[in-house]
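Worksheet: the structure to be examined is printed underneath.
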Amino acid sequence: MKRRYLLRIWSILLTLLPLSSGCIREEEFSNTPQGNFEALWKIIDEQYCFLDYKQIDWDAIHDKYQPLITPGMSYDGLFEILGNMLAELKDGHVNLYSSSNTARYWDWYLDYPRNFNESIIEKYLGRDYRIAGGAKYTILEDNIGYIYYGDFSSGIGNGNLDEILLYLSACNGLIIDVRNNGGGNLTNATRMAQRFTNEKVLTGYIQHKTGKGHSDFSDPTPIHVEPSNSIRWQKKVIVLTNRHSYSATNDFVNSMRCFPNVTLVGDKTGGGSGLPFSSELPNGWGVRFSASPHLDAQKQHIEFGIDPDKKVDMSKEDENNGLDTIIEEARKLLKVNP
């Protein structure tokens, strides 16, 4: 509360300064190192949605970084300090953009095993795999379907999904691999999930900020996945995840785990459940941050990721032999429980 009071006083003082463009609104800040720092701090203080959940003392963060701001500092120096301040949020959806750089937080996955080897994935796909929209797919030699979807920014239409599921329809089971899928378009993630349920399913809730307080949120609004009106898969499905399964992929995994025929195998997802929002600093730098928290069906946060039903890490010995430990475990599970 002390920090917010000081900011109000600081903003009022700004309005007393002579400006060639006329009066300035109270919520605006000057295009100086201090002004840009205070503007960024205030944006996060009033609009970022996980300060209370993550137990972040944002006033203390202000006190930590404000002394580093000097009137004549370089743009690069200011960018580094502001980027470091945002990294305290530990959120992959938080970025600062200038014309020359992007500040980002990647430790949410760098501290975990990679559990993915693209060259080995290519061996499983073979030379004659099919591509439909953003998905690569094939039939493995034990008659198990395999789909690799590496980026939900790559669109996939209902016609694509019809063709994929028709081609794989004779398979005994299906593996959907979304490891290293850093997210993208939620519409693509939902459109795909709709092919694996026969009924409307509650998969979570979303909230929106209603005020400037850290806990000022709307009541949770239910999120449902409706079944597709076209071809739907009826057999067992295993979804492969690793820590780099993030954002829209985290949402996809959260939906899929609500369906009875689906099992998650691999590593914990990366999380990233807050829908991002964008703003701008006085100097024109862009800032992106999580603004609307997404909860699971039990109204629990999934910001820090979703645990698999069966935890499996890649084996170095398997990698040396050209095998993917996580895919092989999925194949075993589908053979035992077709």
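Taking the six-membered ring where the residue is Trp, Y109 and H244 present parallel rings, their angle staying beneath 30° rather than reaching 60°.
Residues Y48 and H214 place their aromatic rings such that the two centres sit no closer than 6.0 Å. Aromatic ring centroids of W285 and Y97 lie 6.0 Å or more apart. Aromatic rings of Y146 and Y137 (six-membered ring for Trp) have centroids beyond the 6.0 Å cut-off, not under it. Centroid-to-centroid, the aromatic rings of F304 and Y53 come within less than 6.0 Å. Between H62 and F37, the ring centre distance stays below 6.0 Å.
The closest side-chain donor-acceptor pair between N242 and D267, if any, does not fall under 3.5 angstrom. Side-chain atoms of Y124 and E328 include a donor-acceptor pair closer than 3.5 Å. Side-chain N/O atoms of E88 and Y65 include a donor and acceptor closer than 3.5 Å. Side-chain contact of D324 with N117: a donor-acceptor pair under 3.5 Å is absent, judged by distance alone. For the residue pair D216/T210, the side-chain donor-acceptor check at 3.5 Å is not satisfied. Donor-acceptor pairing under 3.5 Å is recorded for the side chains of H208 and S292. Judged purely by distance below 3.5 Å, without hydrogens or angles, the side chains of S230 and N158 never pair a donor atom with an acceptor atom. Side chains of D251 and H294: a donor-acceptor N/O pair is present below 3.5 angstrom, by distance only. Residues S153 and D151 bring a donor and an acceptor atom of their side chains to less than 3.5 Å of each other. Side-chain contact of T263 with D309: a donor-acceptor pair under 3.5 Å is absent, judged by distance alone. Judged by distance alone, the side chains of D296 and N254 never bring a donor and an acceptor atom under 3.5 Å apart. Inspection of the N181 and S245 side chains reveals no N or O donor paired with an N or O acceptor under 3.5 Å. Counting only N and O atoms by type, the side chains of Q34 and Q66 include a donor and acceptor under 3.5 Å apart. Counting only N and O atoms by type, the side chains of Q234 and N261 include no donor and acceptor under 3.5 Å apart. Checking H93 against S247 by side-chain atom types alone, a donor-acceptor pair falls below 3.5 Å. A donor and an acceptor atom, one from each side chain of D318 and T325, are located under 3.5 Å apart.
The neighbour count for N229 CG, taken as heavy atoms of other residues, nucleotides or ligands under 6.0 Å away, does not exceed 12.
Y112 places no side-chain N or O within 3.5 Å of a backbone atom of K268 that could act as its donor or acceptor partner. A donor-acceptor pair is defined here as one N or O able to donate and one able to accept, closer than 3.5 Å; no such pair exists between the side chain of K123 and the backbone of L323. With hydrogens and angles ignored, the 3.5 Å screen pairs a side-chain donor or acceptor of R232 with a backbone N or O of S228. Remark: side-chain polar atoms of Q207 are paired, donor with acceptor, to backbone N or O of S218 under 3.5 angstrom. No donor-acceptor pair under 3.5 Å is formed between the side chain of R130 and the backbone N or O of T138. Side chain of T203 to main chain of S255: no donor-acceptor pair is present (N/O by atom type, distance under 3.5 Å, no hydrogens or angles). A donor-acceptor pair under 3.5 Å is formed between the side chain of N188 and the backbone N or O of F152. Listed for the K90 side chain is no donor-acceptor partner under 3.5 Å among the backbone atoms of K54. Judged by distance alone, the side chain of K335 and the main-chain N or O of D142 form no donor-acceptor pair under 3.5 Å. At least one donor-acceptor pair closer than 3.5 Å links the side chain of N84 to the backbone N or O of E80.
A side-chain contact (heavy atoms from CB on, under 4.5 Å) with L86 is found for exactly one of I81, N95, I44, I61, namely I44.
Both L161 and V262 sit in one connected hydrophobic cluster of ILVMFWY residues. Membership requires side-chain heavy atoms under 4.5 Å apart, directly or through other members. L240 and I147 are assigned to two separate hydrophobic clusters, defined by single-linkage of ILVMFWY side chains at heavy-atom distances under 4.5 Å.
Taken from CG in L165 to CG in N160, the straight-line distance is 11.0 Å, to the nearest 0.5 Å.
Judged by a 6.0 Å distance limit and a 45° cone about the ring axis, K299 is positioned over the six-membered ring of Y205.
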